[in-house]
Engineer: 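Structure in structure tokens, see below.
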2 protein chains.
Amino acid sequence: MRFRYRYDGGMATTMGRRERKKAQTRQALSQAALRLFGEHGYDRVTVAQIAEEADVSVATLFAHVPDGKEALIFDDGAERGLWLVAAVRERPPGQPVLQALRRCLASRGPFSTDLPPELRRKRDLIVATPALREYSRKLWIAAEAALAEAIATDSGRDPRDMTVRALARYVLEIPDLAGAEPDPRAALDAIFDLLESGWPASPRPA
Amino acid sequence: MRFRYRYDGGMATTMGRRERKKAQTRQALSQAALRLFGEHGYDRVTVAQIAEEADVSVATLFAHVPDGKEALIFDDGAERGLWLVAAVRERPPGQPVLQALRRCLASRGPFSTDLPPELRRKRDLIVATPALREYSRKLWIAAEAALAEAIATDSGRDPRDMTVRALARYVLEIPDLAGAEPDPRAALDAIFDLLESGWPASPRPA
DNA sequence: TACGAATCCATAATGACTATATTTTCGTAG
DNA sequence: CTACGAAAATATAGTCATTATGGATTCGTA
């Protein structure tokens, strides 16, 4: 019962030893994986090595990260979608939906400028590793239903309207699509311009 | 040397015994996989069972289908993209790019009406099985560069223009996005309308 | 007919992941 | 402080896809 509310360095102060250890182990796994991936390349590192490095058994590793090897370095699975949904719901009056989404994406993910070098290395690793890139995309796409719901509510349409779902999907595809570009920000803007204005229907000349 | 040019039922008549056997085996594998998947479900069928059913060794199975279990029932990997590229290049004068793509997609993939029951079952299996659906999407997306190239050439832009690449990606995403809808054709049209006109920028009311 | 290449096969390995049964650790009630 | 039940960690063994290896067979062709 003692020390339940002691300051613990920014972590939620209501966690008991149990949850604290859990979070510690999860982070140890994440860091071990990130270091080994960066050092030897994703496919030349086995989960056994990562478990060893984090000083846990392989079974424990999978207990902490049930989604498998790729999920190891993504400790933020579910939050991604919440950002975008919140961006739609809480945007200032007078602002169009797509503008809110554009701003939100611009500040997160691979688009934020002057990223700390640690995160920059992580981003480069993800972009350069097909398995990780695919999984990252999966995480974004997982928010499709929620984002579609938010957009539908906002525009007074049915949440299952295909136009709404497509828009949600297309927005969520942007990080994968533009993340590897030399100038991600410019790419981001180009794509949003396309989504806002559509593709000019220049007919083929005879 | 005899019979090299005998009629063989529509197959290329210039194939020797070797290539003929190869194609036979490939088809046997495809059919065995499709039947077993349909009967027991994708993840409850092992590649060993499929190899057994097709009367080849597991090693031979992987020699014929190096892309793995999911690729077994897709005997048309590369062609998908070619259709769309051809649709852009060979469209009648006066027709916009997106209209050509819309028509092309409408006739292929999951969108063609009155599909023979055999292919309908196959389509349902793919749509209902995440691994197969993902792989199918991958096959479409693989044509992104080629389609972007065609669109760029047509519209006089740079093939690496992000707008062009995004449009190509978005078109190729359509089968996965609309294929599972109750009315795929209507969904297809809704998405193309979005791509042509963009999303109306209705600002949020205060 | 004979030779080289392509194909096939059995076998064994790797590596991700799952299942199970046992033990350790933690929170808490007594 | 102690004991008990839940959560977590472990060792172990198993399943499955996929790759590697080396030897046998078959085919095309000279």
Side-chain angles (χ1 to χ4, degrees), chain A residues 1-6 8 12-29 32-33 36-37 40-73 129-132 134-135 138, chain B residues 1-6 12-29 32-33 36-37 40-74 129-132 134-135 138:
Chain A
M1 186 78 73
R2 296 165 303 173
F3 303 126
R4 291 279 301 280
Y5 298 86
R6 183 177 49 174
D8 58 359
T13 51
T14 55
M15 289 196 291
R17 192 196 321 277
R18 200 155 224 165
E19 304 187 23
R20 218 178 313 138
K21 277 200 154 184
K22 193 168 180 169
Q24 264 179 235
T25 301
R26 179 65 184 82
Q27 197 182 346
L29 284 168
L36 290 175
F37 289 165
H40 305 108
Y42 177 79
D43 4 71
R44 295 203 303 189
V45 176
T46 70
V47 291
Q49 287 175 302
I50 298 168
E52 183 62 28
E53 183 84 2
D55 197 35
V56 294
S57 73
V58 176
T60 299
L61 181 150
F62 280 107
H64 279 270
V65 189
D67 285 356
K69 191 179 174 185
E70 310 99 39
L72 272 164
I73 64 171
T129 307
L132 293 176
E134 251 179 59
Y135 185 74
K138 226 188 214 170
Chain B
M1 186 78 75
R2 294 165 305 171
F3 301 128
R4 290 279 301 281
Y5 297 87
R6 183 178 50 176
T13 51
T14 56
M15 290 197 291
R17 193 196 319 280
R18 201 154 224 165
E19 303 188 24
R20 218 178 314 139
K21 278 198 154 185
K22 194 167 179 168
Q24 265 179 236
T25 302
R26 179 65 183 84
Q27 196 182 347
L29 284 168
L36 291 174
F37 289 166
H40 306 109
Y42 176 80
D43 358 76
R44 297 201 304 188
V45 175
T46 71
V47 292
Q49 287 174 299
I50 298 168
E52 183 63 29
E53 183 84 2
D55 197 35
V56 294
S57 74
V58 176
T60 299
L61 182 151
F62 279 105
H64 279 272
V65 189
D67 285 355
K69 190 179 175 185
E70 310 99 40
L72 272 164
I73 63 170
F74 296 95
T129 308
L132 294 176
E134 250 179 59
Y135 185 74
K138 224 187 217 171

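Naming convention: chains lettered A, B, ... in sequence-line order (proteins, then strands); numbering from 1 in each chain.
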Engineer: Looking at every non-hydrogen atom in both residues, tell me the closest pair between B:Glu53 and B:Ala32 and how far apart they are.
Structural biologist: CG-CB, 3.5 Å
Engineer: Identify each donor-acceptor pair in which a side-chain atom of residues 56-65 of chain A lies under 3.5 Å from a protein atom, sequence neighbours left out, and give them as a table.
Structural biologist:
unit_1, atom_1, unit_2, atom_2, d
A:Ser57, OG, A:Thr60, N, 3.1
A:Ser57, OG, A:Thr60, OG1, 2.9

Engineer: Testing the basics here: between A:Lys69 and A:Asp43, what is the closest heavy-atom pair and its distance to 0.1 Å?
Structural biologist: NZ-CA, 4.1 Å
Engineer: Return a single string for nucleotides 4-17 of chain D, one symbol per nucleotide in 5' to 3' order, where B is base contact, S is sugar-phosphate-only contact and - is none, cutoff 4.0 angstrom on heavy atoms.
Structural biologist: --BBSSBB----SS
Engineer: Just how far, in rounded Å, is P of D:dT18 from CG of B:Leu72?
Structural biologist: 9 Å
Engineer: So which atom in B:Asp67 and which in B:Ala71 form the shortest heavy-atom distance, rounded to 0.1 Å?
Structural biologist: CB-CB, 3.7 Å
Engineer: If I take atom CD in residue B:Glu19 and atom P in nucleotide C:dA6, what distance separates them, rounded to the nearest angstrom?
Structural biologist: 12 Å
Engineer: Assess whether a salt bridge exists between B:Arg26 and B:Glu19, defined as any Lys/Arg side-chain N lying under 4.0 Å from an Asp/Glu carboxylate O.
Structural biologist: no
Engineer: Report the distance from atom CD1 of A:Ile73 to atom CZ of A:Phe37, rounding to the nearest 0.5 Å.
Structural biologist: 6.5 Å
Engineer: Take atom CD of B:Glu52 and atom C1' of C:dC8, then tell me their distance rounded to the nearest Å.
Structural biologist: 15 Å
Engineer: Distance check needed: D:dT18 C1' versus B:Gln49 CD, whole Å only.
Structural biologist: 17 Å
Engineer: What is the separation between atom CZ on B:Arg20 and atom P on D:dT26, rounded to the nearest whole Å?
Structural biologist: 17 Å
